[in-house]
Amino acid sequence: MKKLDLPLAAKRSSLKKYVDEGSGDDAHMPADNQHNGFFTTEMYKQLLSAIGDRKHVDDGTDIYGLNPGRYFGENLKNAPAGAEKALLFVDVDRADQTNDHKMYKVTVAYTGQVYNYNKHVNSAGTNASTPLGWATTEKYYTLWNGNVSAAGTVLTIADNIYKFSKVRLTLNDSNSGDHVITVPRSAAMIAYLTYPWLSQHGVSFFGITLKIKDASDNGGTKLIVDRNYSYSFTNQWTDNAAICSVKKIEGGF
């Protein structure tokens, strides 16, 4: 092995280090899906995104054009109908590192309403099985639990009824168990159950009306059982009270 003087050996060692590792911010090769390496600033931002630190995107950004990650912004292109101007949290996931299989999730920051869009393109370039457009994820919040039937009963619920566009009621008619009925949120919410008689010809109808107590109050946290009635029909109508009971109230949108 040929000997080198110390100054030349030092220069060659330094040059080799520079060629192998680079210098400054480029001192090391970044990691990829096949090689170990070091974090770049972009990788660091992607890691933060993966653990929930969202990146802001400008007004007019096309949601469908976003790379995998977590974002937030307003006035976004291709946002769900009714949420075009809202502040949105946007999650984008992708399979197989292609743009053919992507899943988008949008949450409206102000209300918590959630929308989903799934893109799964086949070899022909179409969404053959996946429905097009945004799907709404229904959400229900428990507002009250119990078991009441008497007209005039006041129920204090857990949140403002005006936050919700619909109300889901769990009712019991003392004959066929619990039933879940969804009605639009309104000043007076009416729900009916139908019970066919099994031992003879006839049918019974059970109904309950819930009203928002003090509807002018912006708190909207009290409901009242306004009416509770049932009707049975064979050869005549009979009227009985307090048979149908309310067991659960949920607010949804």
Side-chain angles (χ1 to χ4, degrees), residues 21-141 143 158-166 184-185 218-220 250-253:
E21 300 182 3
S23 63
D25 286 344
D26 299 319
H28 303 286
M29 293 291 290
D32 58 27
N33 64 340
Q34 294 182 345
H35 304 92
N36 292 329
F38 293 86
F39 254 26
T40 65
T41 55
E42 184 61 27
M43 289 176 176
Y44 178 72
K45 293 175 182 177
Q46 290 174 338
L47 174 63
L48 291 181
S49 174
I51 61 178
D53 190 10
R54 296 182 179 274
K55 177 182 179 181
H56 179 260
V57 292
D58 295 331
D59 287 13
T61 297
D62 187 352
I63 292 176
Y64 295 158
L66 293 172
N67 289 322
R70 307 290 176 261
Y71 307 92
F72 72 98
E74 300 175 271
N75 303 305
L76 303 183
K77 183 179 178 181
N78 283 320
E84 297 90 344
K85 297 184 180 301
L87 175 62
L88 304 178
F89 295 150
V90 182
D91 299 346
V92 183
D93 294 301
R94 181 177 65 188
D96 299 328
Q97 297 187 337
T98 74
N99 288 319
D100 293 336
H101 309 313
K102 298 177 80 172
M103 184 172 66
Y104 303 86
K105 176 184 175 183
V106 166
T107 303
V108 181
Y110 180 65
T111 63
Q113 179 65 65
V114 176
Y115 300 88
N116 292 278
Y117 176 79
N118 191 56
K119 176 185 178 184
H120 190 91
V121 179
N122 60 20
S123 57
T126 61
N127 259 13
S129 299
T130 306
L132 299 176
W134 290 99
T136 302
T137 300
E138 287 191 317
K139 300 173 73 174
Y140 289 93
Y141 296 79
L143 301 177
D159 205 347
N160 188 338
I161 194 70
Y162 293 107
K163 289 183 179 180
F164 307 97
S165 61
K166 53 191 173 185
R185 188 262 299 152
N218 290 329
E250 299 168 284
F253 50 74

* Does Lys139 use its side chain to pair, donor to acceptor, with the backbone of Gly112 at less than 3.5 Å? -> yes

* Considering only heavy atoms from C-beta outward, does the side chain of Leu87 approach that of Tyr110 to under 4.5 Å? -> no

* What closest approach, in Å, do Val108 and Ala83 show between heavy atoms, and which atom pair accounts for it? -> CG2-CB, 4.0 Å

* Asked: Which heavy atom in Ala79 sits nearest to a heavy atom in Ile63, and how many Å separate them?
  -> CA-CD1, 3.8 Å

* Asked: What pair of heavy atoms forms the shortest contact from Lys105 to Thr107, and how long is it?
  -> CE-OG1, 4.0 Å

* To do: Ignoring hydrogens and angles, tell me if any N or O in the side chain of Glu84 forms a donor-acceptor pair with the backbone of Asn78 under 3.5 Å.
  => no

* **Side-chain donor or acceptor of Arg94 paired with backbone N/O of Pro68 under 3.5 Å** => no

* To do: Can you see which heavy atom on Val92 is nearest to which on Arg70, and at what distance?
  => O-NH1, 3.4 Å

* Least distance between heavy atoms, Phe164 atom then Leu143 atom -> CE1-CD2, 3.9 Å

* Asked: Is there a side-chain contact between His120 and His101 (heavy atoms, below 4.5 Å)?
  -> yes

* Asked: Is there a donor-acceptor pair under 3.5 Å between the side chain of Lys102 and the backbone N or O of Leu66?
  -> yes

* **Electrostatic pair Asp59:Lys77 at N-O distance under 4.0 angstrom** => no

* To do: List in chain and number order the residues that pass ring-ring contact (aromatic ring centres under 6.0 Å, His included) with Tyr104, two or more places apart in sequence or in another chain; answer none if no residue qualifies.
  => Tyr64, Tyr117

* To do: Give the intermediate values and the outcome of side chain to side chain contact (heavy atoms under 4.5 Å, CB included) for residues Asp159 and Tyr141.
  => CA-CA 9 Å; Asp159 205 347; Tyr141 296 79; over 6 Å; no

* Asked: Within the distance-only criterion (no hydrogens, no angle test), does the side chain of Arg54 pair as donor or acceptor with the backbone N or O of Tyr71 below 3.5 angstrom?
  -> yes

